[in-house]
There are 2 protein chains.
Amino acid sequence: MTRPRPTIHDVAREAGASIATVSRALNGGVVSAAARERIEAAIGRLGYRRNDVARGLVTGRSGLVGVVLPDLIGPLYAHMARGIEDVLDEHGMHAMLVTDHLEPDAERRAIELLRARQVDGLVLIGSRLQPADLRAAAGSVPIAHVQRDGPDDEAPQVRLDDAAGVRAAVEHLAAAGHRRIAHLAGTRRDGIERREAFVAAMAEAGLEPGPIVDGGFTEEGGEAAAAVVLDDPDVTAVFCASDRMAVGLLHAAQRRGITVPDDLSVVGFDDLTWARYLCPPLTTVRQPGREMGRAAARLVLDGPFDAAVPVLRIAPTLVVRASTAAPRSHGPAAPSQRRHEPATEEVIAPEIPPPP
Amino acid sequence: MTRPRPTIHDVAREAGASIATVSRALNGGVVSAAARERIEAAIGRLGYRRNDVARGLVTGRSGLVGVVLPDLIGPLYAHMARGIEDVLDEHGMHAMLVTDHLEPDAERRAIELLRARQVDGLVLIGSRLQPADLRAAAGSVPIAHVQRDGPDDEAPQVRLDDAAGVRAAVEHLAAAGHRRIAHLAGTRRDGIERREAFVAAMAEAGLEPGPIVDGGFTEEGGEAAAAVVLDDPDVTAVFCASDRMAVGLLHAAQRRGITVPDDLSVVGFDDLTWARYLCPPLTTVRQPGREMGRAAARLVLDGPFDAAVPVLRIAPTLVVRASTAAPRSHGPAAPSQRRHEPATEEVIAPEIPPPP
DNA sequence: CAACGAGGTGTAAACGTTTCCAGTCCGGCG
DNA sequence: CGCCGGACTGGAAACGTTTACACCTCGTTG
């Protein structure tokens, strides 16, 4: 009933050719028209499909790029994976996704697993591995990082231009008239960069930075951290280093009867799928995950065009929705959005500063 | 600098043993303690790692289960993938994810690609392929479906107990006093099942079904379809076959100045990540994606325990949030939630009816 | 004391490809 | 007519494993 799969040998016999000729016909080598025709007919008759495992063994390549990412649930990571698939598709290659749930040990195992499968390259999203451990695990497989969390190593990386995004957010708030702006920060590397950028951008705007509290990037952390921030009566705006913390902040504000944006303006970071559905729709810095994934895939396939500049910065955009407005003290409050009106969006793309 | 990877031969030479012994040591065969020790030392010294491609070629198995799914962006699919990974992990296996973006042709290619890589099993999420095409593409690889979209075939499948979910939703609305309930339907197979279940559940509740409009499962479709439904002045509640359509409905209602839940109750389906963040937080039927993924993975690894019942129904739960209340005509409107108060959730798990 | 079995080991044949190399055939040129 | 070279072909050696089989060495048992 269920016969073994036909091999290239079966095709050769059926077509009256040698396996070498069949292989050439399959891979676009020089083969006479007659032979090619007989072989194609035989393939059709037998239902032959190439065995990529055997092929991989002899060629040493697999047509696979391994992708190690924290999880599949986060929309941002999913978008990055999508971007990677975009460009791999163009090259006739495929992605193999492995999740590490932010555990360095799982990350190491994931890399070794992928290497055992002979992946032709590796895209690591948010990698925390030390450079030495990384090199040990990955051997000579080319690597590209996306938003690497650990210290820089020699592999090329794609990073969001966090500073530009933060600057856009702070400028937006400052322009609206906010003077005391708080910051909900995250603990990972990008959180620290955003925090530093926040302080710098405030200085640029001629403002003292308001209270800065760590919310660990999560809803719960944001909610807890928000409590601290909301105790400061002078704070009229909060810039959050992630949308998830912004949600927590929104909840905390609601619980205290603080109305957004009338009493408090809130800016998030990431523009997750649902940021636009929040109450009110969230003004936030959009992280172009798909583009970042694309860039990383190109990097891993072609290598960095310029070995001297191994970090490629991608520009974010500020998406202005309904969670920001002028502060109350600034005269009559701007008319708050009608309760359920989907906000019109305004997208602000900062000019990209050339990397130093 | 970058030497070729050591092979089992190198280990054998270094340890003064034969490759057969090394292989046995690696795979837990009978080997003397002395030899095992020498081999392990050699492996450490050389940094040897097994080549799974070569291994796969001779064993005929890959330790991989192929997963074909519409996309990675939808949180529901991502949860299913996570569930699959859960049980594969327990078996020391791994998933290879390929997206088909709902195109049957891409689905076929995905399956053939995975088969060329010798996957040991296939989990197909929302497959639309005809049974014949499917068999042709998959050959003898074991298959398990999740929420198959095409007509049944002989492969075991995991399905949501759509009817139970719909019944819970309708009962919830009827109990609140709603008499004329509309339905935003979807066009895929599960949409049709939900629609039929809606009619049946309404009958069970002693009610005429209200208007039923196709919204194609998307936000835009939901918004368009909502316009039709909202024209009926007697409709006090709408049951949507997906959360995405519920979002569209919410927007349309807002635009018309219809307040939810005071003027209109809305129930969604799926409980996507952000359903709780909507304005107001959405009452919805939760689809336990991760469980479904787990069940499917078990099915593909162990085969169906009972070949006679190839469809495994998973029970959904109704999550009651703030988008549903008693209709206005029912005396003074129930006090609507305070504007931003995160709704307390009430979860209703329907008793699972034994499959017929 | 012979025979046997248990434990351990090595040789070699697969697995299904790609690819190097050495042909064979034929037409055209000197 | 002899050669050369181009177009095409097939044999065979890899690639790095697993595993069937044969063998060897002891200690134990009849």
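Each chain gets a letter, A, B and so on, in the order its sequence line appears, and its residues count up from 1.
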Residue pairs, two or more places apart or on separate chains, that pass salt bridge (charged side-chain N to carboxylate O under 4.0 Å, His left out) and touch residues 14-29 of chain A: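 Residue pairs passing salt bridge (charged side-chain N to carboxylate O under 4.0 Å, His left out), neighbours aside: E14(A)-R45(A).
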Suppose the criterion is salt bridge (charged side-chain N to carboxylate O under 4.0 Å, His left out): which pairs have a residue in residues 93-104 of chain A, not counting sequence neighbours? none
Please list, in numerical order, the residues of [range] that have a heavy atom closer than 4.0 Å to any atom of DNA chain D.
range	result
residues 49-57 of chain A	L57(A)
residues 108-122 of chain A	none
residues 28-45 of chain A	V31(A), S32(A), A35(A)

On DNA chain D, which is the earliest and which the latest nucleotide, 5' to 3', with an atom closer than 4.0 Å to a heavy atom of chain A? dC8(D) to dG16(D)
Give every donor-acceptor pair under 3.5 Å between a side-chain atom in residues 63-80 of chain A and any protein atom, sequence neighbours left out.
residue: D71(A); atom: OD1; partner: I73(A); partner atom: N; Å: 2.8
residue: D71(A); atom: OD1; partner: G74(A); partner atom: N; Å: 2.7
residue: H79(A); atom: ND1; partner: P75(A); partner atom: O; Å: 2.9

It should be established whether S23(A) places a side-chain nitrogen or oxygen under 4.0 Å from OP1 or OP2 of nucleotide dT18(C). yes
Output every pair passing side chain to side chain donor-acceptor pair (under 3.5 Å) with a member in residues 28-40 of chain B, not counting sequence neighbours, ordered by first then second residue.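 The answer is none; no pair qualifies.
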Which residue pairs pass the side chain to side chain donor-acceptor pair (under 3.5 Å) test with at least one member in residues 287-299 of chain B, sequence neighbours excluded? D86(B)-R290(B), D86(B)-R294(B), E291(B)-R294(B)
Measure from the side-chain heavy atoms of V58(A) and tell me the nearest of dA12(C), dT18(C), dT9(C). dT18(C)
If the test is side chain to side chain contact (heavy atoms under 4.5 Å, CB included), which one of M292(B), H145(B), R313(B) qualifies with R159(B)?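 Option passing the side chain to side chain contact (heavy atoms under 4.5 Å, CB included) with R159(B): R313(B).
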What pairs with R5(A) under salt bridge (charged side-chain N to carboxylate O under 4.0 Å, His left out), at least two apart in sequence or on another chain?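 R5(A) satisfies salt bridge (charged side-chain N to carboxylate O under 4.0 Å, His left out) with no residue once adjacent residues are dropped.
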Side-chain donor/acceptor pairs under 3.5 Å, residues 125-133 of chain A, sequence neighbours excluded:
residue: S127(A); atom: OG; partner: E107(A); partner atom: OE2; Å: 2.5
residue: S127(A); atom: OG; partner: L129(A); partner atom: N; Å: 3.4
residue: S127(A); atom: OG; partner: R148(A); partner atom: NH1; Å: 3.1
residue: R128(A); atom: NE; partner: D149(A); partner atom: OD2; Å: 3.4
residue: R128(A); atom: NH1; partner: L102(A); partner atom: O; Å: 3.2
residue: R128(A); atom: NH2; partner: D149(A); partner atom: OD2; Å: 3.2

Take the C1' atoms of the five end pairs on each side of the helix from dC1(C)-dG30(D) to dG30(C)-dC1(D), derive the two axes, and give their angle rounded to 10 degrees.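 Axis-to-axis angle, ends of the helix: 60°.
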If you assign each of R24(B) and T21(A) to its closest nucleotide in DNA chain C, which residue comes earlier from the 5' end?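 The 5'-side residue here is R24(B).
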